[in-house]
**Student:** 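Let me give you the structure first, and then I'll get to my questions.
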Amino acid sequence: MSEQPHEMRERWVLRTELLWAFGVGILVAATISMIVFTALTRNINPPSNVERIDPKALHLSGEFAEQNLGTYVAPDGSVTARVIATQFMFAPHCLALPQGRLVTLRFASPDVIHGVLITGTNVNTMVVPGYVAQVHTEITQTGELLMPCHEYCGLGHSEMWAVVQVLSAAEFKPDRDGRVTCAQR
Ligand code: CUA
């Protein structure tokens, strides 16, 4: 009872198929575990919240009105910084953040798509008009970090940047309204 050539061929096809499926399975597992690993240990996540906001009314009232911009420490101690990215500046131009503390950054744009990153941190997001871009971070170093716009947004793109002043626990002191602004230097 010897095998017919086509039976042998079928067995060979099945073996290669299984081999490829196995290889692809390993690749997929490795990719997923890398995503989970960087998410858990380094807080690198894809932007996941979808929050809409009317770009035409940003500055008029609500969360991104002028008096609400910048760093705010809530009574429960949570730190939130709100920034408007607009052609061709960030408001505020300097952001005071605490070192070694969880911070929520919220960005919105009234005009075009901007991008924002804080050098040396995991903060890196697009700021799309109509949506709030939210990022969580904990900055380990103190000192001044550059926060440039990294999405071409028009002729003044290269002039669009802000500074992040990372303050130690002793320097990071909210005022009576919970606001923290950059120290004058
Ligand atoms: Cu804003 Cu480039």
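Whatever order the structure lists ligands and atoms in, that order sets their numbers, starting from 1. Only heavy atoms go into these numbers, but all of them, side chains included; no hydrogens, no water, no symmetry mates.
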**Student:** For Glu151, what is the atom name of its N, O or S atom nearest to atom 2 (Cu) of ligand 1?
**Tutor:**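 Per the distance ranking, Glu151 contributes O as its closest N/O/S atom to atom 2 (Cu) of ligand 1.
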**Student:** Rounded to the nearest 10°, what angle sits at atom 1 (Cu) of ligand 1 between ND1 of His114 and SG of Cys153?
**Tutor:**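 The two atoms subtend 100° at atom 1 (Cu) of ligand 1.
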**Student:** Less than 4.5 Å apart, side chain to side chain, heavy atoms only: is that true for Tyr131 and Ser109?
**Tutor:**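 With C-beta onward as the side chain, the pair stays apart.
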**Student:** Side-chain heavy atoms nearer than 4.5 Å, only ILVMFWY residues, links allowed to pass through others: does that put Ile139 and Phe107 together?
**Tutor:**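 Linked, Ile139 and Phe107 end up in one cluster.
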**Student:** Strictly under 2.8 Å, is atom 1 (Cu) of ligand 1 approached by any N, O or S atom of Thr86?
**Tutor:**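 It does not: Thr86 brings no N, O or S atom closer than 2.8 Å to atom 1 (Cu) of ligand 1.
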**Student:** Can you tell me which N/O/S atom of His157 has the shortest distance to atom 2 (Cu) of ligand 1?
**Tutor:**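 In His157, the heteroatom (N, O or S) nearest atom 2 (Cu) of ligand 1 is ND1.
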**Student:** Does Glu66 have more than 12 heavy atoms from other residues, nucleotides or ligands lying within 6.0 Å of its CD?
**Tutor:**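 For Glu66, atom CD is not crowded (no more than 12 foreign heavy atoms under 6.0 Å).
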**Student:** Taking only Lys NZ, Arg NE, NH1 and NH2, and the carboxylate oxygens of Asp or Glu, determine whether Glu63 and Arg82 approach each other closer than 4.0 Å.
**Tutor:**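 Judged by the 4.0 Å cut-off on N to carboxylate O distance, Glu63 and Arg82 do form a salt bridge.
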